[in-house]
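Here is the structure we will look at, set down as structure tokens.
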Amino acid sequence: NSICLFDIFTRFQKKYDLELAVVHVNYGLRGKDSERDEKFVRDMAGKHGLEIFVLDAGARSKKKCSENELRDIRYAFFEKTRLRKKFDLIAVAHNLDDQVETFFMRLLRGSGLSGLSGMKPKNGNIIRPLLSTSRQEIEKYLDENKIPFRIDRTNLRSEYFRNKIRNKFIPYLEKNYNQEIRKTIFDSMQSIIDDHDFLEKSAQKHFAGSKGISVSELLKLHPAIQKRVLRHAILEKKQDLKNIDASHIDEIIKAARSTKNKPQTVILKGLKIIRRGDKMNIEK
């Protein structure tokens, strides 16, 4: 995927006056194969005269990191490099198949519309130009243009949750239920994205920012909007929604609905939510 993205950008570099650099993370999880991957990327960047930035993350990744932890290492290095080079964007090579796998991962773990809407083509400084392109189309492009690439053989093993979805679950659905399951899910995700966007915009109209939340006004709203208003309030204080799940939001709503006269306090993930009378404030 990344090699396809690299080839497309280098083809368009002169036409659109793009300033490019290559970023590679070596987790060292595949022994000599990891070293060969790094050499391959270095050679490829050198062939096109591009600057390359490599992170040796071997020591950190060998501590049995989860998929999310490996992702955090990768994206932190991407952003560090972007700031260092004063670049506008980080381009990553997620494709349609990755999007569908993400959908099933989040569905099976439990997720609302936000999670099921999947990855965005543009999210802040991150862009995903290949998000609507299938893995099969990418491989066909590489083959037709005789572009060399390397295969990450750990993707063929089912140790990680994503690989189980990719190698076992989706092929099972294709064989037994729907041969076009990837396209079906991807198309359904477009509807989910539209619904999620509408609800988010509705919630933003009711979010008063740092002035605090009116409990009586909050409880007049549809439950779906209530939850989004609270997420906006948490995001304003915490700067992200990591480790905030549906049970935390339900706990805050329970405090809002309480008929007790004394103040209600909910403490979670470094935040303190205090409801006094009709006012609810979220503090660090």
Are side-chain heavy atoms of [X] and [Y] found at a separation under 4.5 Å?
X	Y	answer
K39	R42	no
T133	Y141	no
L20	F87	no
I225	L199	yes
L230	I253	yes
F53	H24	no
E79	I90	yes
I165	L108	yes

Practice problem: List the steps, then state whether side-chain contact (heavy atoms from CB on, under 4.5 Å) holds for I249 with R231. | Solution: CA-CA 8 Å; I249 302 298; R231 286 194 176 94; 3.9 Å; yes
Crowded around [X] [atom1]? As in, over 12 foreign heavy atoms under 6.0 Å?
X	atom1	result
Q179	CD	no
K183	NZ	no
Q136	CD	no
K279	NZ	yes
F198	CZ	no
R276	CZ	no
R84	CZ	no
E180	CD	no

Hey, quick one: are [X] and [Y] part of the same hydrophobic cluster, counting side-chain heavy atoms closer than 4.5 Å, chains of contacts allowed?
X	Y	answer
V22	Y16	yes
L268	V215	yes
L5	L131	no
I185	L173	yes
Y177	F169	yes

Gap separating the [atom1] atom of [X] from the [atom2] atom of [Y], nearest 0.5 angstrom:
X	Y	atom1	atom2	value
F186	L96	CZ	CG	4.5 Å
D72	F77	CG	CZ	15.5 Å
I8	Q13	CD1	CD	14.0 Å
S117	I192	OG	CD1	7.5 Å
K164	E101	NZ	CD	14.5 Å
I274	I282	CD1	CD1	10.5 Å

Quiz item: Hey, would you say the F9 and F12 ring centroids sit under 6.0 Å apart?
Solution: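 No, they do not, as the ring centres are separated by 6.0 Å or more.
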Would you please say whether a donor-acceptor pair under 3.5 Å links the side chains of [X] and [Y]?
X	Y	value
S134	E137	yes
N95	N1	yes
H206	Q226	no
T102	R162	yes

Distance-minimising heavy-atom pair for [X] and [Y]:
X	Y	value
A255	V266	CB-CG2, 3.9 Å
L89	G124	CD2-O, 4.5 Å
L142	F149	CD1-CD2, 3.7 Å
R166	I170	O-CB, 4.5 Å
A57	I73	CB-CG2, 4.0 Å
A256	R275	O-NH1, 2.8 Å

Self-check item: side-chain contact (heavy atoms from CB on, under 4.5 Å) assessment of L116 paired with L107
Solution: CA-CA 7 Å; L116 297 182; L107 179 68; 4.0 Å; yes
Practice problem: Go through the steps for D194 and M189 under the test side-chain contact (heavy atoms from CB on, under 4.5 Å), then give the verdict. | Solution: CA-CA 9 Å; D194 290 340; M189 290 176 77; over 6 Å; no
Flag the pair [X] and [Y] as a salt bridge only when some basic side-chain nitrogen lies within less than 4.0 angstrom of an acidic carboxylate oxygen.
X	Y	value
K32	E35	no
K47	D43	no
K86	E19	no
K237	E283	no
K140	D143	no
R182	D97	yes
R128	D98	no

Could you tell me whether a side-chain N or O of [X] sits under 3.5 Å from a main-chain N or O of [Y], the two making a donor and an acceptor?
X	Y	answer
N167	N163	yes
R106	G115	yes
N176	Y172	yes

Exercise. Dump the intermediate steps for side-chain contact (heavy atoms from CB on, under 4.5 Å) on I234 and L271, then the final yes or no.
Key: CA-CA 8 Å; I234 290 170; L271 297 175; 3.6 Å; yes
Quiz item: Would you call the rings of F6 and H48 parallel, tilted or perpendicular, where under 30° means parallel and over 60° means perpendicular?
Solution: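 Ring orientation of F6 relative to H48: perpendicular.
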Exercise. Just do the salt bridge (Lys or Arg N to Asp or Glu O under 4.0 Å) check on K254 and E251 with the steps written out, would you?
Key: CA-CA 5 Å; K254 183 180 177 181; E251 193 175 350; over 6 Å; no
